Visitor: 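Structure below; questions to follow.
All of these numbers come straight from a predicted model, not from anything done at the bench.
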Amino acid sequence: MNRFLFVVLCAGALTLTGCNHFGIAFKWADTYIASKVDDYFDISSSQSRDLKDGVQKDLGELKAEVLPQWIARLKGLQQEVQKGTLDSSRTGFYFDLFLKDVEQINARFSDTAGKFIASTQPKQLATFAREFEKKTQADLDKFHQTSKYRKEMRNKYTEYFEMFLGSLTSEQEKMINTHLDSSPFPGELKARNKAHILSRYQEQMTTPEAKREFLKTYYNNPAAMDLAEYQTAFREYKHQLQKLVIEVLGSMNLKQKKNLIENLNEKTAQLEKIAKAG
């Protein structure tokens with residue numbers, strides 16, 4: 001979520017976790033990912049084709065090996081909501097599984113990412129540095145607009161909760177506001193972390209080969225390049241986000257529980273349809 005290559009090469013797949021219709025995410029993932037990579041590297045038509053082919057292969061393996069796990073998990077979650085056994089401990093359990101899913105998806109695209117990076121030309125590596133710097137500065141500008149960014153985050157939190165629960169209660173809206181006040185996403189630190197990584201890329205990697213190896217390492221183990229203070233802040237943010245999810249789900253009324261069960265059933269059916277399509 002906070003890692004450039006992870007976001008670029010896996011964004012299409014990651015939208016599965018929040019998309020209203022999983023089928024759309026799977027159908028357009030290769031095109032979406034290729035367009036995002038193009039934003040940073042200005043890729044050629046042959047690179048775009050190869051990238052799409054790789055993503056399609058990775059998605060095929062994900063469908064066969066990972067979708068069954070997700071389907072079983074959604075069914076288990078739905079049953080726990082229905083039986084009233086989804087307490088804070090179980091909510092935390094599912095939240096942790098979701099984070100592990102993110103790591104799993106990242107690994108699924110590793111070969112595709114490596115092949116693309118190996119194909120990059122010196123001019124494209126320079127384009128990456130320029131575009132990465134431009135987007136990092138845009139992030140800094142956004143995070144400095146505190147009230148605007150807070151509103152954006154509040155709308156995003158509300159959207160995701162309402163996707164599953166329907167309309168939120170005033171108490172739940174207050175929970176979100178309290179969370180945003182006490183535990184905001186460390187956005188400015190994230191941008192400074194990106195600037196730190198870019199500085200290493202530009203100053204320490206003096207050859208195209210070194211830059212490609214840097215990008216491969218960044219994809220496969222991005223945390224190894226993070227500032228320690230950002231790692232600490234991001235861990236704490238995830239912890240506080242988990243507490244918010246536990247708090248909101250623990251306050252669900254009967255209508256919201258019904259909505260959650262229906263939405264979980266709908267998303268399970270979508271995944272089963274994708275899995276059967278092979």
Side-chain angles (χ1 to χ4, degrees), residues 1-15 28-62 102-144 186-231 234:
M1 296 167 328
N2 62 317
R3 302 161 181 177
F4 161 70
L5 284 173
F6 173 78
V7 172
V8 167
L9 287 170
C10 298
L14 281 177
T15 55
W28 296 105
D30 60 336
T31 299
Y32 178 81
I33 292 171
S35 70
K36 289 299 180 182
V37 174
D38 185 52
D39 287 345
Y40 281 88
F41 288 93
D42 190 19
I43 61 179
S44 67
S45 57
S46 62
Q47 285 175 316
S48 179
R49 276 196 309 273
D50 290 343
L51 186 56
K52 289 179 181 179
D53 288 344
V55 170
Q56 289 174 354
K57 176 179 178 294
D58 295 334
L59 286 175
E61 294 176 356
L62 189 147
V102 171
E103 298 291 335
Q104 188 178 42
I105 293 174
N106 187 31
R108 291 280 167 179
F109 290 80
S110 181
D111 287 345
T112 296
K115 289 176 182 177
F116 166 72
I117 292 168
S119 76
T120 54
Q121 300 301 308
K123 184 178 179 180
Q124 292 176 316
L125 296 171
T127 298
F128 161 75
R130 184 175 64 252
E131 294 302 319
F132 191 86
E133 183 174 22
K134 186 188 302 182
K135 288 175 172 57
T136 298
Q137 184 58 53
D139 282 348
L140 275 171
D141 294 341
K142 178 176 68 175
F143 296 133
H144 286 156
E188 185 173 354
L189 187 52
K190 169 191 172 183
R192 287 202 284 116
N193 184 65
K194 288 172 64 177
H196 159 75
I197 292 169
L198 178 62
S199 176
R200 288 185 58 186
Y201 175 82
Q202 291 177 310
E203 296 173 9
Q204 298 178 26
M205 306 300 115
T206 57
T207 67
E209 291 77 12
K211 290 179 179 179
R212 293 187 192 103
E213 286 303 313
F214 181 94
L215 291 178
K216 289 179 184 177
T217 301
Y218 187 26
Y219 179 87
N220 290 304
N221 188 19
M225 299 185 182
D226 286 343
L227 291 167
E229 58 183 316
Y230 177 66
Q231 286 188 342
F234 190 61

Visitor: Cation-pi check, Lys194 to Tyr230: give yes when NZ or CZ is under 6.0 Å from the six-membered ring centre and within 45° of the ring axis, no otherwise.
Guide: no
Visitor: Which atoms form the tightest heavy-atom contact between Gln124 and Ile43, and what is the distance?
Guide: NE2-CA, 3.5 Å
Visitor: For a quick test of reading the model, state the closest non-hydrogen atom pair linking Phe41 to Thr127 and the distance between them.
Guide: C-CG2, 4.1 Å
Visitor: Gln202 side chain to Ala129 main-chain N or O, any donor-acceptor pair under 3.5 Å?
Guide: no
Visitor: Within the 3.5 Å criterion, strictly below it, is a donor on Ser48 or Asp38 matched to an acceptor on the partner's side chain?
Guide: no
Visitor: Provide the closest heavy-atom pair for Asp139 versus Ala191 in the form atom of the first, atom of the second, distance.
Guide: CB-CB, 4.1 Å
Visitor: Please find the pair of heavy atoms, one from Asp30 and one from Val55, that lie closest to each other, and give the distance.
Guide: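 The answer is CA-CG1, 3.8 Å.
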Visitor: Would you mind telling me which of Asp226, Leu227, Thr136 makes a side chain to side chain contact (heavy atoms under 4.5 Å, CB included) with His196?
Guide: Leu227
Visitor: Which heavy atom of Tyr219 sits nearest to which heavy atom of Ser110, and what is that distance?
Guide: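 Looking at all heavy atoms of both residues, the shortest contact is CE2-CA, 3.5 Å.
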Visitor: Considering non-hydrogen atoms only, spot the tightest contact between Ala224 and Gln231 and give its length.
Guide: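 Shortest heavy-atom separation between Ala224 and Gln231 comes out as N-NE2, 4.4 Å.
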Visitor: Using 0.5 Å steps for rounding, measure from the NZ atom of Lys52 to the CD1 atom of Ile33.
Guide: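 Nearest 0.5 Å value for the NZ-CD1 distance: 11.0 Å.
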Visitor: Nearest 0.5 Å, what's the CG-NZ distance between Asp42 and Lys123?
Guide: 7.0 Å
Visitor: Kindly compute the distance separating OG1 (Thr207) from CZ (Arg212), expressed to the nearest 0.5 Å.
Guide: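 So the OG1 of Thr207 and the CZ of Arg212 are separated by 8.5 Å.
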Visitor: Roughly how far, to the nearest 0.5 Å, is CG of Asn220 from CG of Leu215?
Guide: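 It comes to 11.0 Å.
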Visitor: Charged N to carboxylate O below 4.0 Å: is that the case for Arg130 and Glu133?
Guide: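 Judged by the 4.0 Å cut-off on N to carboxylate O distance, Arg130 and Glu133 do not form a salt bridge.
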Visitor: Roughly how far, to the nearest 0.5 Å, is CG of Asp53 from CZ of Arg49?
Guide: 8.5 Å
Visitor: Give a yes or no on whether the ring-centroid distance for Phe128 and Tyr201 is below 6.0 angstrom.
Guide: yes
Visitor: Side chains of Thr112 and Asp58 only: does a donor on one sit below 3.5 Å from an acceptor on the other?
Guide: yes
